[in-house]
Amino acid sequence: MNEKINVIKEAFEKDILTIIDMKTLNDIRTKYLGKQGKITELSKMMKDIPNEQKKELGILVNEVRCLVTDSLEEKKKDLEEKALNEKLASEKIDVTVPSKKVKRGSKHPMTRIEEKFEDLFLSMGYTIYDGPEIESDENCFQKLNLPKGHAARDAQDTFYLKDEFENYLLRSQTSTAQVRAMEENTDKGPLRIVCPGKVYRRDEDATHSHQFMQIEGLVIDEDVSMADLKGTLELFCKTILEEKTKVRFRPSYFPFTEPSVEVDVTCFKCGGKGCPLCKQTGWIEVLGAGMVHPNVLEMSGYDSTKYQGFAFGTGMDRFAMFKYGITDIRTIYGNDIRFLTQFDRKDDE
């Protein structure tokens, strides 16, 4: 028995020198410690040993078992450490190599313009008001002094829903939010809001889109005058465009305001000298405005003998085109990555 134990020791000392990877280590572990392993066979033979020899031989068997187990564990640690070092060497990072440019998104030009508008009007004490894009014919036209059959509806030809929703449509102007805001203002007191959002009309060319962004403003209070409207719009245009921008008011007609005006600004390209963009006039129309018609106030529950108001509306797309030199409004909604990557810079603050 002693001789057999010594033979196993000598064989193991030779075998352990052949271990070069985890596979050979596991093979040798199985050879000595597996169910059919050499040391396991020694343990099975103990039952046939005389009782007076079992203690001494048991100690020898445990010693060789511990020798094999400890040696294999130490070898395993060496192999794992070696594998880790090789991995670290192969995956090391050269911090001196120039990094690749990280692609990042940027704000869409319409998002930039909308945020500028909102920041300006919030600073002037306005509240941002949002309304649904699907509206009733009543809110979109009738309560804005455009009854059914009114000729001015043709200029806002939009998309109607069918069947049981035939009296609903995609709103053609954000003025519908003004109607809702006036009706929700139950105490019928002063009101000062701006309503940004999408609107829809059946248009499609370089300067018109079937979907575009508008922002409308509404102020209702006692003793509101045309002078208040004029000062508000001058500040608005000069802030969004440039301080040197000049503003011109021309008489116009809108069913929901009386009197009504069209507002022009000096051409951003030629500075008012005249160029193809402004058709040699030096002016570009940017918005419509006027004093709220008494009928509109009355239909939303206001006393038109006590309160007056002014309203204005403009397409945010047009201001984006002016500010960023965009020549075709359809480009704004085309999702062309070549167009969008032009705005991968920080906002001018």
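In what follows, residues are counted from 1 in the order of the sequence shown. Everything quoted here is computed from the prediction, not taken from an experiment.
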- Message: Has N26 got a side-chain atom pairing as donor or acceptor with M22's backbone, closer than 3.5 angstrom?
- Response: yes

- Task: Count the heavy atoms of every other residue, nucleotide or ligand shown that sit under 6.0 Å from CD of E184, and state whether that count exceeds 12.
- Result: yes

- Message: Tell me the closest heavy-atom pair linking S300 and K188, and the distance in Å.
- Response: O-NZ, 2.8 Å

- Candidate pair F141 and S172, rule side-chain contact (heavy atoms from CB on, under 4.5 Å), full reasoning: CA-CA 9 Å; F141 293 120; S172 61; 3.8 Å; yes

- Task: Check whether any side-chain heavy atom of K246 lies under 4.5 Å from a side-chain heavy atom of W283, and answer yes or no.
- Result: yes

- Item | T111 side chain to K107 backbone, donor-acceptor under 3.5 Å | no

- Message: Measuring only between side-chain heavy atoms, which start at C-beta, is Y333 closer than 4.5 Å to M213?
- Response: yes

- Query: When clusters are formed by joining ILVMFWY residues with side-chain heavy atoms under 4.5 Å apart, either directly or through shared neighbours, do V219 and M124 land in the same one?
  - Reply: yes

- Any donor and acceptor pair, going by atom type alone, linking the side chain of R318 with main-chain N or O of E285 inside 3.5 Å? yes

- Is a salt bridge present between R248 and E262, judged by a nitrogen-to-oxygen distance below 4.0 Å? no

- Task: Check the hydrophobic clustering (I, L, V, M, F, W, Y; side-chain heavy atoms under 4.5 Å; chains of links allowed) and say if F236 and I128 are grouped together.
- Result: yes

- Are the side chains of D221 and Q308 in touch, meaning some heavy atoms are under 4.5 Å apart? no

- Task: For residues M291 and M226, determine if any side-chain heavy atom of one lies less than 4.5 Å from a side-chain heavy atom of the other.
- Result: yes

- When clusters are formed by joining ILVMFWY residues with side-chain heavy atoms under 4.5 Å apart, either directly or through shared neighbours, do V265 and Y324 land in the same one? yes

- Interatomic distance, OG1@T245 vs CD@E243, rounded to 0.5 Å, equals 8.0 Å

- Between V292, V179, L146, which is the residue that forms a side-chain contact (heavy atoms from CB on, under 4.5 Å) with F256? L146

- Which pairs with one or both residues in residues 287-299 pass side-chain hydrogen bond (donor to acceptor under 3.5 Å, both in side chains), sequence neighbours excluded? N145-N295, E298-S304

- Query: So, R250 and D264, do they make that salt bridge, N to O below 4.0 Å?
  - Reply: yes

- Can you tell me which residue pairs pass the salt bridge (charged side-chain N to carboxylate O under 4.0 Å, His left out) test with a partner in residues 229-241, sequence neighbours excluded? K230-E234

- Task: Give a yes or no answer on whether the side chain of R192 reaches the backbone of Y126 with a donor-acceptor pair at less than 3.5 Å.
- Result: no

- Kindly state each residue pair satisfying salt bridge (charged side-chain N to carboxylate O under 4.0 Å, His left out) with at least one member in residues 124-137, sequence neighbours excluded. E135-R180, D137-R153

- Any side-chain donor near an acceptor of the partner, Y200 and Q173, under 3.5 Å: no

- Heavy-atom check, side chain of M182 versus side chain of N185, under 4.5 Å: no

- Query: Are more than 12 heavy atoms from other residues, nucleotides or ligands located less than 6.0 Å from atom CD1 of I134?
  - Reply: no

- Message: Applying salt bridge (charged side-chain N to carboxylate O under 4.0 Å, His left out) to K31 and D15, what does each step give before you reach the verdict?
- Response: CA-CA 10 Å; K31 179 179 179 181; D15 286 342; 2.8 Å; yes

- Message: According to a hydrophobic-cluster definition based on side-chain heavy atoms being under 4.5 Å apart (Ile, Leu, Val, Met, Phe, Trp, Tyr only), do L235 and V261 belong together?
- Response: yes

- Task: Classify the side-chain pair D27/T24 by whether it contains a donor and acceptor separated by less than 3.5 Å.
- Result: no

- Message: Using only atom types and a distance under 3.5 Å, with no angle test, would you say the side chain of S90 pairs donor to acceptor with the backbone of E86?
- Response: yes

- Query: Should we say atom CD of E222 is surrounded by more than 12 heavy atoms from elsewhere, each under 6.0 Å from it?
  - Reply: yes

- Query: In the single-linkage hydrophobic clustering (I, L, V, M, F, W, Y; side-chain heavy atoms under 4.5 Å), do V7 and I16 co-cluster?
  - Reply: no

- Message: Counting the benzene-type ring for Trp, do F319 and F117 have ring centres under 6.0 Å apart?
- Response: yes

- Hey, could you give me each pair passing ring-ring contact (aromatic ring centres under 6.0 Å, His included) that has a residue in residues 23-47? Not counting sequence neighbours. F12-Y32

- Check whether any side-chain heavy atom of C195 sits under 4.5 Å from a side-chain heavy atom of Q178, and report yes or no. yes

- Side-chain heavy atoms of L218 within contact of L191, under 4.5 Å: yes

- Tell me, do P294 and Y302 make a side-chain contact under 4.5 Å, heavy atoms counted? no

Report, one line per pair, each donor and acceptor closer than 3.5 Å where one atom sits in a side chain of residues 64-80; sequence neighbours left out.
from	atom 1	to	atom 2	distance (Å)
R65	NH2	S43	OG	2.6
T69	OG1	R65	O	2.9
S71	OG	L67	O	2.7

- Message: Quick one: does any side-chain atom of S260 pair with a main-chain N or O of F254 as donor and acceptor, under 3.5 Å?
- Response: yes

- Task: Please name all residues satisfying side-chain contact (heavy atoms from CB on, under 4.5 Å) with T127, sequence neighbours left out, ordered by chain then number.
- Result: I193

- Would you say S136's side chain and N139's backbone share a donor-acceptor pair under 3.5 angstrom? yes

- Please check if the side chain of H150 supplies one atom and the backbone of P255 the other of a donor-acceptor pair under 3.5 Å. no

